[in-house]
Each structure stands twice: as C-alpha cells, then as structure tokens.
Amino acid sequence: MLKALIFDVDGTLADTEKDGHRVAFNAAFKEAGLDWEWSVELYDKLLAVTGGKERMNYYLDHFNTEFDRPENLQEMIAALHNTKTRHYTELLAKGAIPLRPGVKRLLDEARAAGLRLAIATTTTPENVTALLENTLGKESIDWFEVIAAGDIVPAKKPAADIYDWALKEMQLDAADCLAFEDSENGIKSSQGAGLKTIITVNDYTLSHDFSGAAIVLDNLGEPDQAFSVISGDGYGKSFVDLVFLSQLHAT
Ligand code: XBP
Ligand code: MG
C-alpha cells in the first residue's frame, strides 16, 4: 500500500543548482578573495559529486590541482561552505528560485489524502528550510515528518544511507513508499534503499542513466501544462496526481 512520498530537494522540488547553489559558491569564493569561478559548464562536471564540501574537494582534486593548499584545507572548505550557505539562503529569501511545476499541487493533494511526506537530500538542512519557507510558507516545514539532510549520514548520495535513514525514522518499508529524484546519483541512492522512483529531469540531468525508474518525465505537470514522458508508461495522463502514483506504485 502506498503510505508515503519521499522527495529529493535540489533539482527535484526546485531547479536550485545553476542559479542557486552555483551562484552562491561563486559568491563565497569571491568573498574569500579566491579566483575560483564555477561556470555553468564546469558545474555540470562538478555535479558528479553531491554535497558542497565534497564538491569543493573534488574541484581541487580534478580541476584546480595547481592551487596551493593550506595545511588546514578542510577548515578552509568548511568556512567557505558556511559562507556559501549564507549566500544561498539569501538568494532563496529574495525568491530567486521557484518550485518546479506540479510540486505544490502534488504536496497539497498528498496531504489532503493523508499520505506521509519526507525529504531525503544531501543539501544542508538550512537550505531545505529556506526553500520550503520561501516557496510554501513557514508552516510547510511541518508537512514533512522527516527531513533527512546534509551530514546526518556520513556517506552522501549515491550511497543509499540518506533514504535508509529516512525510512528507519518513519518505520516504513521501502515497498510502501515512492521516491522523487532528478539525478543519477539520486536514483542510485533511492534504488539502493529499495524505493520505486519517479524522475523529473532538468538541464543538468537530461542525459543521466535512469535505468529502473518507474517513469522519467520532464516535470510533474499541471492540469493546464502537460508533462512529457521521456521513458516509461504515462498511462495516458498529463500530470502526476495520486491516482497516477497509485498506478505506478502498483505496477
Ligand atoms: C544535491 C547536491 C547538493 C547541493 C549543495 O544533490 O549535490 O550538494 O548542490 O548542497 P541531491 P550543500 O539533489 O542528489 O541531494 O552545499 O548544502 O552541500
Ligand atoms: Mg537532486
């Protein structure tokens, strides 16, 4: 029986990477007097690694090997990450990033039907709160029974740990839930936890491998704005609602 929906945040609830996280990283680098600049193209490559601190390390290891590393590199990265979080949450407070099509409608429908809701993301908890507050209002934080985020588990996506953690907190079997993701690292994580997964792609994840997804869509769709099916059976539907999710879940 379908009892709960578990959502990724970045790329799934909102298109946060290109105009949100990337911009905030660059602002943090500038503020620290660094000449690091993450272009849209470079950021595509850096998205291979989830988590902001992990992404900065990956950048230095593979794209800026000539950087003269200080002895306390991890402290420096942690400080940069704090500054980045400040810039990111400020961007969200300005309303810079809207929710993706169908997200609010589906959350409303799920709540009205008594489905349980959770979040499983690699992003920092403050970022989740800021996104929810600035798009759905302060009270929306409480719509989610569990917000599994950031460093709560040591191994970030593609490891299954964050989904395993959320399922354990909710005392639910993976078979009674559906996950919503936008990326290859995301679906590896959700499928690793045994979750059937619905994918909504974005510009950065269009070419990812989504083998095994319940369905791959361009977005969740709205009654007046049909989704496009990229792969899978859309059952003749034009937007994702609970009837459609029940069909996907049962198949
Ligand atoms: C999201 C991420 C995050 C954000 C930055 O991955 O990779 O790292 O880019 O967040 P997913 P922090 O959507 O698969 O969870 O800087 O707060 O770590
Ligand atoms: Mg994502």
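Bear in mind that the values here come from a model prediction, so they are computed numbers and not experimental data. Just so you know, ligand 1 is whichever comes first in the structure, and atom 1 is the first atom listed for that ligand. One-based numbering along the sequence shown.
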NZ/NE/NH1/NH2 to OD/OE distance under 4.0 Å, D182 and R100 | no
Parallel, tilted or perpendicular: which describes the rings of F180 and F7, with under 30° parallel and over 60° perpendicular?
-> parallel
Atom indices of ligand 1 within 4.0 angstrom of T121 heavy atoms, with elements = 15 (O)
Assess H81 for proximity to ligand 1: is some non-hydrogen atom of it under 4.0 Å away?
-> yes
Examine ligand 1 and decide if any of its atoms is less than 4.0 Å from a heavy atom belonging to N185.
-> no
Does I97 reach the side chain of N134, with side-chain heavy atoms less than 4.5 Å apart?
-> no
Under 30°, 30 to 60°, or over 60°: which ring-plane class applies to Y58 and H62, parallel, tilted or perpendicular?
-> tilted
Between atom CD of E37 and atom CZ of R22, what is the distance when rounded to the nearest 0.5 Å?
-> 7.5 Å
For the residue pair D44 and K18, establish whether any side-chain heavy-atom pair is separated by less than 4.5 Å.
-> no
Please identify which atoms of ligand 1 are closer than 4.0 Å to at least one heavy atom of G51.
-> 2 (C), 3 (C), 7 (O), 8 (O), 18 (O)
Report the name of the N/O/S atom of D182 located nearest to the Mg ion (ligand 2).
-> OD1
Location of contacts on N127 toward ligand 1, heavy atoms closer than 4.0 Å | side chain
Should the proximity of K53 to ligand 1, defined as any heavy atom under 4.0 Å, be assigned to the side chain, the backbone, both, or neither?
-> neither
Between E54 and ligand 1, which residue portion shows a heavy-atom distance shorter than 4.0 Å: side chain, backbone, both, or neither?
-> neither
NZ or CZ of K45 within 45° of Y43 ring axis and under 6.0 Å | no
Using heavy atoms and a threshold below 4.0 Å, how should the contact between K84 and ligand 1 be classified: side chain, backbone, both, or neither?
-> side chain
for atom 2 (C) of ligand 1, nearest protein heavy atom and its distance come out as T122 OG1, 3.1 Å
SB check D161 K156 (cutoff 4.0 Å) | no
Does some side-chain heavy atom of I119 sit less than 4.5 Å from a side-chain heavy atom of L132?
-> yes
What part of D10 sits under 4.0 Å from ligand 1 if we count only heavy atoms: the side chain, the backbone, both or neither?
-> both
Atom 13 (O) of ligand 1: which protein heavy atom is closest, and how many Å away?
-> D8 OD1, 2.8 Å
Any atoms of ligand 1 less than 4.0 Å from a non-hydrogen atom of E17? List them with their elements.
-> 1 (C), 2 (C), 4 (C), 7 (O), 9 (O)
What atoms in ligand 1 come closer than 4.0 Å to a heavy atom of T123?
-> 5 (C), 10 (O), 12 (P), 17 (O)
Min over E184, R55, K188, H21 of heavy-atom distance to atom 9 (O) of ligand 1 lands on R55
Test item: L80 and W36 side chains (from C-beta on) under 4.5 Å apart, heavy atoms = yes
State whether K104 and D108 are salt-bridged, where the test is any N-O pair (Lys NZ or Arg NE/NH1/NH2 against Asp/Glu carboxylate O) under 4.0 Å.
-> yes
For the Mg ion (ligand 2), find the closest N/O/S atom on D8 and give its atom name.
-> OD2
Residue D10 atom name (nearest to the Mg ion (ligand 2); N/O/S) = O
Which segment of Y43 sits under 4.0 Å of ligand 1 when only heavy atoms are counted | side chain
